[in-house]
Amino acid sequence: MFSLSPNAAQQINKAAHDSGASDLALRVAARRLPDGSIDYGMGFDETAEGDMQLLLEDIPVVIAPQHADLLEDTMLDFVELEPGQFNFIFVNQQSAFTTGGGCSTGGCGNGGCGSGSCSSGTTH
């Protein structure tokens, strides 16, 4: 199942409040690229018919059915990548255990979703 770290939840709450998106859910998506890596994306959105709806760390999260398999066993975290540089990352728990990797630095620049949408990241 997809999950959020407490740090990610705190930053998502802050971003939702700052951007006026508090009444929207966090939509998370993933797609497989031709080279086999996974491209992740996230942003604030309304729930659509057929969406998987989760409540994680008190954050409403929605996932479209076509993205659910790629997000299985993936955690969204918010970490310090370099001193003073914080960002969201997607950690595929299964890949982390089988290949020693699985992190991607995707997401929202320096720690917030600002305009209500986040950029994406890629992992192998």
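- Test Leu56, Val28, Leu54, Asp77 against Leu4 for side-chain contact (heavy atoms from CB on, under 4.5 Å) and you get one pass: Leu56.
- Val62 and Phe2 end up in different hydrophobic clusters when Ile, Leu, Val, Met, Phe, Trp and Tyr side chains are linked at under 4.5 Å.
- Residue Pro65 comes nearest to Gly50 through the heavy atom pair CG-O, 3.3 Å, listed as atom of the first residue, atom of the second, then distance.
- Looking at Ser5 and Asn7, their side chains never bring a donor and an acceptor atom within 3.5 Å of each other.
- Here the straight-line distance linking atom CD1 of Ile38 with atom CZ of Arg31 works out to 12.0 Å at 0.5 Å rounding.
- The closest donor-acceptor contact from the side chain of Gln10 to the backbone of Lys14 lies at 3.5 Å or more, if one exists at all.
- Using a 4.5 Å heavy-atom threshold, the side chains of Asp51 and Arg27 count as touching.
- Counting heavy atoms from C-beta on, the side chains of Gln53 and Pro60 never come closer than 4.5 Å.
- Note that CD of Glu72 is 9.5 Å distant from CG of Asn92, once rounded to the nearest 0.5 Å.
- Closest of all the heavy-atom pairs between Met75 and Gln93 is CB-NE2, 3.5 Å.
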(request) Could you please spell out the steps behind the side-chain contact (heavy atoms from CB on, under 4.5 Å) verdict for Leu24 and Asp45? (result) CA-CA 5 Å; Leu24 298 174; Asp45 197 8; 5.9 Å; no
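- In Asp58, the CG atom is not crowded: 12 or fewer heavy atoms of neighbouring residues, nucleotides or ligands sit closer than 6.0 Å.
- If you take OG1 on Thr74 and NE2 on His67, they are separated by 13.0 Å, rounding to the nearest 0.5 Å.
- Among Val91, Leu26, Ile89, the single residue meeting the side-chain contact (heavy atoms from CB on, under 4.5 Å) criterion with Leu76 is Leu26.
- Of all the heavy atoms in Phe90 and Gly41, the pair that sits closest is CZ-O, 4.1 Å.
- The line from CE of Met42 to CZ of Phe88 is 4.0 Å long, rounded to the nearest 0.5 Å.
- Taken to the nearest 0.5 Å, the CD1 atom of Ile63 stands 9.0 Å off from the CE atom of Met1.
- Residues Phe78 and Ile12 have side chains not in contact (no heavy-atom distance under 4.5 Å, counting atoms from C-beta outward).
- Distance alone, capped at 3.5 Å, is enough to place a donor-acceptor pair between the Ser19 side chain and the Ala15 backbone.
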